[in-house]
Amino acid sequence: MSAEDEVTTPTNFIRNIIQNDLDSGKHNTVQTRFPPEPNGYLHIGHAKSICLNFGIAEDFKGQCNLRFDDTNPEKEDIEYVNAIIDDVKWLGFKWRGLHHSSDYFQQLYDYAIELIKQGKAYVDSLSAEEMREYRGTLKAPGKESPDRNRSIEENLDLFSRMRAGEFKDGEYLLRAKIDMGSPNLNMRDPALYRIKHAHHQRTGDEWPIYPMYDYTHCISDAIENITHSLCTLEFEDHRPLYDWVLDEVKTACHPQQIEFARLQLKYTITSKRKLNQLVTEGHVSGWDDPRMPTISGLRRRGYTPTSIRDFCDRIGVTKKDSFIEVAVLENSIREDLNEHAMRVMGVLKPLKVTIENYPEDQSEVLVAQNHPQNPEMGTRNISFSKVIYIERDDFLEDAPKKFFRLSVGREVRLRYAYYITCTDFVKDDSGEVVELICQYDPETKGGSSPDGRKVKGTIHWVSAEHAVDASVNLYDRLFTHPNPAATGDFTEHLNPDSLNALTTCKLEASLADTSTSIHYQFERTGYFVRDDKAKSLTFNRTVTLRDTWAKLDKQNQ
RNA sequence: UGGGGAAUCGUCUAGUGGUAGGACUGCGGACUCUGACUCCGCCAACCAAGGUUCAAAUCCUUGUUCCCCAGCCA
């Protein structure tokens, strides 16, 4: 592999900024951070941020921290902390430090006192509703609170009593003294600390007051010596406040906040609140339901870390609002799985086939390749016998000319086995075909004929006697609308067919004992992975194979 | 004129005054013991109008459209 052929992460405007900062000597190292709030599970949108932050740290030989932005205890939970740690690890990234904003509560408090002493912050007794009135509107300036010119001594006293827990929730608020007339609402004396008598998953009941995001985030970044603080577009308006706080508290380090567009995927929801709703209302089985765009859902679905990181590389990083097509994600997983997945045979919708001229009590062992393009993956044995199952879709009573599968009088190859020709079929009372009668050609063992005759179709099969019973979950998109979040009630657009649970599948014997870490391609049907949450042997379909026949078939209809 | 952002193939994305390139999708075809994979080919874009220039996606002007902001959420 030459240097040019090496797979490299495409550059983007943020990497350009960082490269410039390195070249100019503004920084001689790079420090980033991924700062989730532990109030839900990570989803594919977070993966973009993770890949960006950790990827930049890796590529510029810097470091990236994992920091839990845990300043709102009522919404946060240790369950989420642990899930997030698992997900980041699973994606394959290593953090320099694992921190919590709550680690800095004391420093944050001390800085707040400094702000008060400088006359840059004051304790306000306005109610939430009054605050809203005083804030003004998008077009009209706000007006100053009567408490705005409270004396420094009084502010200090009140703030220390807030901290001591003397007041009820909402009674007082610490606010920055900036500019009630600012066209940027975030600068109209934003809240710094609110009173919240809530139990925190890490600090317990130690703090009755909690710092706000805008105050906490920038200082936490500074404490960790972050050089580039990457966040999503909606925080652009917060950047002046980010800078204001750091300027006023005079931290030695002043990180640069840079905003990029959050990931939006068609037919998908990426909002923790809405994902949470799907879980609590029972539309899915949990945060890790394989239809969920969560990291844990994707993992259970059979997506690999490689595929998700590849996806994140492909979609790029810009400031432009955009919607990525699902096909891009599917392409990433197909590419990875095509290269690495073990090939096996599994019949999803079985149709019994009796091979009339095959000896009754005979069975034989055939050798199958585990990967057609990669002999190093070895071979395995599969059993053949008189009665087998094939895919229901592989037989058509009235088959069109281009249907290279079974129909009466047509010959196909059974993968790695023999050529068979269908001679007859059996229907049940309802008219459904329930069994095929076929003849096999003993000369074609292994799948080729001595006379060199061509057989266009090759189908997969399993021996009835040797097959294992299994359930297989076929998944389709969760929503029928390309942008469900933009509709009134997104649950109205749930796809009723997002899960097709098959319970009568017949798989080759080697699948009886497997783990969730092994990815399979069921030849001709798709990629699958074991679901160990199910009681019985169950596989989840990660993604289908590309299917040009299905496409042709659809066009003809 | 409230403030802050963004506009390039169907969808993402390069481009930073000098041949608009790549990926995904789509459409053809070759190959094939997976209608998979692989390979080959094709279709397809600079928001608009002016201006500067030998030369504009890029610089200037004026518009247009879209996104974000009025939590004691992050």
Side-chain angles (χ1 to χ4, degrees), chain A residues 10-12 16 35-37 39 69-72 74-76 124 126-128 131-133 135-142 169-175 182-188 190-196 209-210 212-214 216-217 231-240 259 261 266 272-273 313-332 334-335 338-339 343 345 368-369 371-373 402-405 412-417 419 446-448 455-460 521-526 544-553:
Chain A
T11 191
N12 56 55
N16 291 341
E37 182 188 13
N39 66 344
D69 217 346
D70 54 350
T71 57
N72 190 6
E74 286 155 326
K75 290 186 173 175
E76 297 154 8
D124 200 351
L126 248 34
S127 69
M131 266 275 276
R132 202 176 311 125
E133 286 166 25
R135 184 156 35 230
T137 68
L138 290 177
K139 295 186 179 182
D169 288 11
E171 214 172 330
Y172 288 102
L173 189 70
L174 184 72
R175 290 229 255 167
S182 172
N184 181 346
L185 288 290
N186 296 114
M187 300 300 271
R188 319 241 263 231
L192 264 24
Y193 267 91
R194 74 282 213 190
I195 299 172
K196 213 183 255 285
I209 55 172
Y210 290 94
M212 301 289 292
Y213 163 86
D214 283 308
T216 309
H217 204 93
C231 64
T232 44
L233 249 28
E234 67 270 26
F235 291 104
E236 280 178 318
D237 288 342
H238 295 244
R239 192 178 347 119
E259 310 85 10
K266 288 186 182 174
K272 276 191 208 169
R273 209 201 94 246
D313 285 345
R314 284 171 188 266
I315 60 176
V317 179
T318 66
K319 294 181 78 112
K320 175 178 151 190
D321 289 307
S322 60
F323 271 88
I324 310 293
E325 288 182 342
V326 179
V328 182
L329 218 207
E330 293 186 340
N331 178 67
S332 290
R334 284 198 183 106
E335 207 166 81
N338 175 53
E339 195 179 336
R343 308 295 131 122
M345 292 198 284
Q369 289 179 286
H371 194 295
Q373 280 83 38
K402 287 277 175 83
F403 185 76
F404 306 134
R405 307 181 192 179
V412 298
R413 175 190 293 110
L414 294 176
R415 182 95 159 132
Y416 298 121
Y419 290 6
S448 56
V455 171
K456 187 78 179 165
T458 300
I459 65 173
H460 58 103
Q521 183 195 99
F522 290 9
E523 291 200 54
R524 304 209 306 134
T525 67
T544 62
L545 255 35
R546 286 198 179 84
D547 190 346
T548 49
W549 166 251
K551 205 181 280 177
L552 277 176
D553 202 33

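Nothing here was measured: the structure is a model prediction, and the numbers come from that model. Just so it is clear: chains get the letters A, B, ... in the order the sequence lines come, proteins before strands, and each one is counted from 1.
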K.L.:
For A/E171, does the CD atom sit with more than 12 other heavy atoms under 6.0 Å from it, leaving out its own atoms?
P.N.:
yes
K.L.:
Please determine, for the side chain of A/K320, which listed nucleotide (B/rA36, B/rU13, B/rG35) has the closest atom?
P.N.:
B/rU13
K.L.:
Do A/N72 and A/E37 touch side chain to side chain, with heavy atoms closer than 4.5 Å?
P.N.:
yes
K.L.:
Identify the heavy atoms of A/N338 and A/H371 that sit nearest to each other, and give their distance.
P.N.:
O-NE2, 2.8 Å
K.L.:
Using OP1 and OP2 only, check whether a side-chain N or O of A/R524 sits under 4.0 Å from B/rG35.
P.N.:
yes
K.L.:
Out of B/rC67, B/rG35, B/rU34, which nucleotide sits closest to the side chain of A/L552?
P.N.:
B/rG35
K.L.:
Summarise how protein sits on nucleotides 69-74 of chain B as a single string, 5' to 3': B when a protein heavy atom is under 4.0 Å from the base, S for sugar-phosphate-only contact, - for no contact.
P.N.:
BBSBSB
K.L.:
Is there a Watson-Crick or G-U wobble partner for B/rG2 with both distances under 3.5 Å, and if so, which one is it?
P.N.:
B/rC69
K.L.:
Is it true that A/K319 and A/E236 make a salt bridge, defined as a side-chain N closer than 4.0 Å to a carboxylate O?
P.N.:
yes
K.L.:
Just by distance, no angles: are the side chains of A/N331 and A/R546 close enough, under 3.5 Å, to form a donor-acceptor pair?
P.N.:
yes
K.L.:
Reckon A/T548 has a side-chain N or O less than 4.0 Å from the OP1 or OP2 of B/rA36?
P.N.:
yes
K.L.:
Is there a donor N/O on one and an acceptor N/O on the other, under 3.5 Å, for the side chain of A/R405 and the base of B/rG35?
P.N.:
yes
K.L.:
Paired with B/rA57: which nucleotide, if any, by Watson-Crick or G-U wobble criteria at under 3.5 Å for both distances?
P.N.:
none
K.L.:
What is the distance, to the nearest angstrom, from the CZ atom on A/R415 to the P atom on B/rU34?
P.N.:
5 Å
K.L.:
Got A/R524 and A/R415 here, is their nearest side-chain heavy-atom distance under 4.5 Å?
P.N.:
no
K.L.:
Indicate, yes or no, whether a donor-acceptor pair under 3.5 Å links the base of B/rG5 to the side chain of A/E259.
P.N.:
no
K.L.:
Find the distance A/N16:CG to B/rA14:C1' and express it as a whole number of Å.
P.N.:
11 Å
K.L.:
For A/R334 and B/rU38, what is the distance between atoms CZ and C1' respectively, to the nearest whole Å?
P.N.:
16 Å
K.L.:
What's the CD1-P distance between A/I315 and B/rC24, to the nearest Å?
P.N.:
15 Å
K.L.:
NA contact type, A/T525, heavy-atom cut-off 4.0 Å: base, sugar-phosphate, or nothing?
P.N.:
nothing
K.L.:
Compare all side-chain heavy atoms of A/N16 with those of A/T11 and state whether any distance is below 4.5 angstrom.
P.N.:
yes
K.L.:
Below 4.0 angstrom from OP1 or OP2 of B/rG35, is there any side-chain N or O of A/K551?
P.N.:
no
K.L.:
Atom CZ of A/F323 to atom P of B/rC9: distance rounded to whole Å?
P.N.:
17 Å
K.L.:
Take nucleotides 39-46 of chain B nucleotide by nucleotide from the 5' end and write B, S or -, depending on whether a protein heavy atom sits under 4.0 Å from the base, only from the sugar-phosphate, or from neither.
P.N.:
--------
K.L.:
Given atom CD of A/E236 and atom C1' of B/rG2, what is their separation to the nearest angstrom?
P.N.:
17 Å
K.L.:
Do A/E74 and A/Y210 have side chains that get closer than 4.5 Å, going by heavy atoms?
P.N.:
no
K.L.:
If B/rG41 has a Watson-Crick or G-U wobble mate with both distances under 3.5 Å, name it; if not, just say none.
P.N.:
B/rC27
K.L.:
Taking OP1 and OP2 of B/rU25, is either one under 4.0 Å from a side-chain nitrogen or oxygen of A/R546?
P.N.:
yes
K.L.:
Decide yes or no for A/H217 and A/F235: does some side-chain heavy atom of the first lie under 4.5 Å from some side-chain heavy atom of the second?
P.N.:
no
K.L.:
Give the rounded distance in Å between these two atoms: CG of A/L545 and P of B/rU34.
P.N.:
12 Å
K.L.:
For B/rG71, decide between syn and anti, treating a glycosidic angle within 90° of 0 as syn.
P.N.:
syn
K.L.:
Any donor-acceptor pair under 3.5 Å joining the side chain of A/Q373 to the base of B/rU38?
P.N.:
no
K.L.:
Less than 3.5 Å between a donor and an acceptor, one on the side chain of A/R343 and one on the base of B/rU34, is that the case here?
P.N.:
yes
K.L.:
Nearest whole angstrom, please: distance from the C1' of B/rC24 to the CG of A/N331.
P.N.:
6 Å
K.L.:
Taking pairing as Watson-Crick or G-U wobble with both contacts under 3.5 Å, can you name the mate of B/rC47, or confirm there isn't one?
P.N.:
B/rG63
K.L.:
Strictly by Watson-Crick or wobble contacts shorter than 3.5 Å, is anything paired with B/rA14, and which nucleotide is it?
P.N.:
none
K.L.:
Give the minimum heavy-atom separation between A/R413 and A/T458, together with the two atoms involved.
P.N.:
NH1-OG1, 2.8 Å
K.L.:
Across all strands shown, which nucleotide pairs with B/rA20 by Watson-Crick or G-U wobble geometry, both distances under 3.5 Å?
P.N.:
none
